[in-house]
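See structure below.
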Amino acid sequence: MASSAARDLSSARETIYQAISAIRLIDPHTHINPYSPASSTLADILGYHYYTELVHSAGMPRQEIEEPGISPRELVGRMVHGLGNITNTANYHWLIQICREFFDFTDDAITPDNWESLFDTAEEKMNGAGWAQTVLDKSNVEAVFLTNDFDDELEGFDSSTYIPCLRTDDLVFHLAKPEVRQRLERCSGVPLDGTLSSLRAALEQRFEHFVSHGARACAISIPPSFQPSMVGDGEAQNALDHVLRHDSQSEASQRDSLSRRVFWTLAELCDQYGLPFDLMIGVNRGVYPSGVYQGQDLYDSRVSLIQYRELFNAFPKVKFPISVLASVTNQELVSYSWIFPNVLTNGHWWYSNTPSFIHRDAAARLEAVPRNKQIAYYSDAYKLEFVLPKFDMYRRILARVLADEFVGENGWSEEKAIQLGRQVLRGNVDEVFRSPLIDAESLDIASGTSGSPIVVGSSSDDGDSGLAEEDSELSAFLAGDSDESDDQDGFATVTDDSDRTVGSESFGSVGQLAETIDSDEELGFLDPIPTGEEVDASEVPDVVIEDASAAFDATALDAAVDPQSLDVGDLLGELGDNPPGPDSPNSSIHMLAGDGEFKPDSDSMKLKPDPMTGELHFPVGDDDDDDDIGFGAGVFDK
């Protein structure tokens with residue numbers, strides 16, 4: 001019997017795994033270079049910090065790994081001699097899977113005897129035409145998010161595949177460096193004249209630049225000691241003055257005040273421009289200065305999300321996808337996402353990105369956090385080849401959790417579990433990281449404004465996402481007659497004239513989509529940040545004044561008024577020193593059945609704040625009873 005149950009769970013795991021593996025993904029956080037997204041030699045793969053730091057930790061001298069001028073072939077030849085000590089790690093499994101999936105590798109390990117043929121085969125494939133797209137297709141990945149410096153021009157790449165993300169670490173933590181301020185002045189075109197207003201104007205220009213180039217998020221990596229809070233104008237101006245005078249030699253307290261003010265301003269701009277603010281919390285930089293490049297930083301378990309309570313409370317409309325560096329912080333993240341509507345769990349970052357930690361953390365999130373508030377995973381990859389093995393590791397763990405806990409323990413059907421997997425892997429990425437440009441287009445559509453046509457269709461993998469102009473075809477789509485291969489029910493892609501995907505939009509229901517789209521109107525884009533010239537060119541008046549007096553018929557209105565006034569009785573009874581008794585028919589206001597009643601006097605007719613919510617209401621019940629608290633129309637025990 002137990003053996004049969006085990007077989008059933010094993011079958012469920014495989015079924016769920018195969019189903020969620022078919023989902024075309026968007027990777028919501030990478031360090032991909034859009035101008036060179038894929039590897040060019042095997043050294044690009046073995047040079048990933050996971051491997052250099054592990055072989056260095058196992059005994060290979062740093063100088064052998066980071067010798068200046070070393071050729072790619074020589075680096076791989078050296079690294080191979082250190083790989084034998086890390087064959088037990090999940091990272092090594094990624095490496096073998098990459099070689100098997102992309103380079104036709106069939107051996108069990110990379111050794112001094114076989115690495116050169118592997119190097120040559122990999123180099124030949126990587127230098128083939130369209131290698132980056134080949135990797136994306138084989139990995140079943142539609143797009144990846146980038147990590148862009150604030151002064152990135154964001155030109156020369158397809159932003160529908162390589163989606164910009166504004167990384168703000170330098171702006172928050174390194175503004176004391178003259179070179180950072182000079183970069184901000186150059187890219188924004190705003191002279192930093194020493195005032196807070198000029199600093200904010202420069203930051204706002206950066207948001208305008210990024211949003212107009214398709215950015216979907218703002219992001220920052222934060223040390224454990226940082227506590228975001230609003231810094232007043234006086235303190236912030238003093239801090240800015242001090243930093244401008246002393247640059248990097250300025251006092252730590254002044255740099256901290258300026259950092260907190262800039263961070264708070266970024267949160268305000270995220271609110272203003274509709275961008276999620278990705279927070280990666282808890283990294284200590286330079287803990288091991290003798291380590292290899294990117295192998296010097298570690299987490300600090302003293303970090304707590306209580307440090308962010310002021311931020312979460314101050315910006316209820318800003319979505320904060322949170323990554324924590326250590327699995328030990330995951331329970332706190334689960335609790336905050338449980339309570340705060342704007343706090344979301346986001347991926348399994350760095351040192352918690354190993355199967356045992358992922359399994360425990362993912363299960364806790366799926367059991368406790370609302371399903372629409374989980375960004376399941378991101379690769380954090382520097383080269384495209386790593387997206388496949390990392391996501392595949394996560395998908396197998398997710399399939400196991402869904403099969404064991406939801407199908408096996410909770411009695412879910414496999415299809416129901418697959419739907420949950422689909423939502424956390426792809427659906428929530430589309431929903432949380434919606435392009436502000438798409439939101440502007442929705443407003444344009446709803447208002448019937450004409451412009452360049454867009455096409456809305458189901459997100460099927462066959463590439464045919466367009467809708468014909470005929471109302472019958474639109475009606476069929478809205479009725480749910482869509483291709484069964486759609487990756488995410490309830491989601492739509494948005495394309496431009498050339499059938500290039502410019503974003504995706506989630507609609508709560510088909511009915512809401514039908515209400516939004518008027519098929520008789522030309523659909524168009526709305527520039528979210530129009531210039532003055534564009535406003536003038538639109539020839540749309542700000543105010544239209546019309547004389548409606550001619551259409552006003554006072555006689556008809558008078559005839560429509562009921563001549564008999566509504567008799568509500570004497571609500572307060574007879575005024576004066578002798579109020580009516582309790583049996584007087586007009587001495588009390590009777591509410592609906594079961595809603596209680598109150599007897600009016602000079603105090604009870606005043607609205608009072610609810611002690612728990614602050615909501616104003618008429619007091620109901622016995623106010624003298626300290627054991628009861630009134631809530632609206634009823635009374636509940638504490």
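N33 places a side-chain N or O within 3.5 Å of a backbone atom of Y35 that can act as its donor or acceptor partner. A donor-acceptor pair under 3.5 Å is formed between the side chain of N127 and the backbone N or O of E123. With N410 contributing its side chain and W412 its backbone, the two residues share no donor-acceptor pair below 3.5 Å. Although no hydrogens or angles enter the test, the distance criterion places a donor-acceptor pair under 3.5 Å between the side chain of N342 and the main chain of F312. Remark: side-chain polar atoms of R426 are not paired, donor with acceptor, to backbone N or O of I26 under 3.5 angstrom. Put simply, the side chain of S413 gets close to the backbone of K416: a donor and an acceptor are under 3.5 Å apart. T134 places a side-chain N or O within donor-acceptor distance of the main-chain N or O of G130, the cut-off being under 3.5 Å. A donor-acceptor pair is defined here as one N or O able to donate and one able to accept, closer than 3.5 Å; no such pair exists between the side chain of E124 and the backbone of T121. Between the side chain of R13 and the backbone N or O of A403 there is no donor-acceptor pair closer than 3.5 Å. Put simply, the side chain of N148 gets close to the backbone of C165: a donor and an acceptor are under 3.5 Å apart.
Heavy-atom contacts from other residues, nucleotides or ligands closer than 6.0 Å to CD of E153 number 12 or fewer. For Q331, the CD atom is loosely surrounded, since the number of other residues' heavy atoms within 6.0 Å does not exceed 12. By the 6.0 Å contact criterion, CG on D108 is open, its count of non-hydrogen atoms from other residues, nucleotides or ligands being 12 or less. With a 6.0 Å radius and a threshold of 12 heavy atoms from other residues, nucleotides or ligands, R309 has its CZ atom at or below the threshold. Counting non-hydrogen atoms of other residues, nucleotides and ligands closer than 6.0 Å to CZ of F357 gives a total of 12 or fewer.
Residues H93 and P389 are not in side-chain contact: their nearest non-hydrogen atoms beyond the backbone lie 4.5 Å or more apart. Put simply, the side chain of F145 reaches to within 4.5 Å of the side chain of F433, judged on heavy atoms. Contact of the F320 side chain with the L344 side chain is not registered, since no non-hydrogen atoms from C-beta on lie closer than 4.5 Å. Inter-residue side-chain proximity for L333 and V343 is flagged as met; some heavy-atom pair is nearer than 4.5 Å. In this structure, the side chains of L118 and F103 come closer than 4.5 Å at one or more pairs of heavy atoms. Within the 4.5 Å cutoff, the side chain of D151 has no heavy atoms near those of the L184 side chain.
The aromatic rings of Y273 and F207 are tilted relative to each other, their planes meeting at an angle between 30° and 60°.
Atoms CD1 and OG1, from I322 and T345 in turn, are 10.0 Å apart once rounded to the nearest 0.5 Å. With rounding to the nearest 0.5 angstrom, the OH atom of Y51 is 9.0 Å from the CG atom of L83. One distance of note links CG of L171 with CD1 of I220; it measures 8.5 Å at 0.5 Å rounding. Atom CG of D392 and atom OG of S139 lie 10.0 Å apart (nearest 0.5 Å). Expressed to the nearest 0.5 Å, how far CZ of R395 lies from CD1 of I397 amounts to 11.5 Å. Rounding to the nearest 0.5 angstrom, the gap separating the CD atom in Q227 from the CD1 atom in I306 is 9.0 Å.
When only modelled atom types and interatomic distance are considered, Y299 and S352 share no side-chain donor-acceptor pair under 3.5 Å. Donor-acceptor pairing under 3.5 Å is recorded for the side chains of H29 and D380. Side-chain contact, E431 with N372: no donor N or O sits under 3.5 Å from an acceptor N or O. Using a 3.5 Å distance cut-off with no hydrogens or angles, the side chains of D44 and Y382 do not pair a donor with an acceptor. No side-chain N or O of Q374 forms a donor-acceptor pair with one of R365 less than 3.5 Å apart. In the model, S221 has a side-chain atom that pairs as donor or acceptor with a side-chain atom of R285 under 3.5 Å. Counted by atom type alone, E385 and W131 present one or more donor-acceptor pairs between their side chains at under 3.5 Å. Between the side chains of R422 and Q419, at least one donor N or O sits under 3.5 Å from an acceptor N or O. With hydrogens and angles left out, the side-chain atoms of N140 and R24 include a donor and acceptor closer than 3.5 Å. In this model, a donor atom of one side chain and an acceptor atom of the other lie less than 3.5 Å apart for H213 and E155.
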Show your working on side chain to side chain contact (heavy atoms under 4.5 Å, CB included) between N353 and Y394 and close with a plain yes or no. CA-CA 9 Å; N353 188 34; Y394 177 81; over 6 Å; no
Go through the steps to decide whether R206 and D152 satisfy the test salt bridge (charged side-chain N to carboxylate O under 4.0 Å, His left out), and finish with yes or no. CA-CA 10 Å; R206 290 290 83 197; D152 197 323; over 6 Å; no
Check the pair K383, I45 against side chain to side chain contact (heavy atoms under 4.5 Å, CB included), reporting the backbone distance first and the verdict last. CA-CA 8 Å; K383 291 294 183 181; I45 294 174; 5.7 Å; no
Show your working on side chain to side chain contact (heavy atoms under 4.5 Å, CB included) between L398 and V424 and close with a plain yes or no. CA-CA 10 Å; L398 177 61; V424 299; 4.2 Å; yes
Step by step, work out the side chain to side chain contact (heavy atoms under 4.5 Å, CB included) result for V283 and W350. CA-CA 10 Å; V283 59; W350 210 339; 3.8 Å; yes
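Between R100 and the options I96, D104, I98, a side chain to side chain contact (heavy atoms under 4.5 Å, CB included) holds for only I96. Among Y308, F263, W264, the one residue that satisfies the ring pair (Phe, Tyr, Trp, His ring centres under 6.0 Å) test with F226 is F263.
Nearest heavy-atom pair, K138 versus E101, reported as atom, atom and distance to 0.1 Å: CE-O, 2.7 Å. Of all heavy-atom pairs between G408 and L9, the closest is CA-CD2, 3.8 Å. Closest non-hydrogen pair, N428 versus K373, comes out as ND2-N, 4.1 Å. Closest approach of H348 to A376, counting heavy atoms only: CD2-O, 3.5 Å. Residues P164 and L154 share a closest heavy-atom pair of CB-CD2, 4.0 Å. Taking each heavy atom of E142 and T161 in turn, the nearest pair found is O-CG2, 4.0 Å.
Between K390 and D27 no salt bridge is recorded (no basic side-chain N to carboxylate O distance below 4.0 Å). Here E179 does not pair with R183 in a salt bridge; the nearest charged N to carboxylate O distance is not below 4.0 Å. Of the charged side-chain nitrogens involved, at least one lies within less than 4.0 Å of a carboxylate oxygen, so that D256 and R260 count as a salt-bridged pair.
Aromatic ring centroids of Y48 and Y50 lie under 6.0 Å apart.
Residues meeting the side-chain hydrogen bond (donor to acceptor under 3.5 Å, both in side chains) test with K319, sequence neighbours left out: none.
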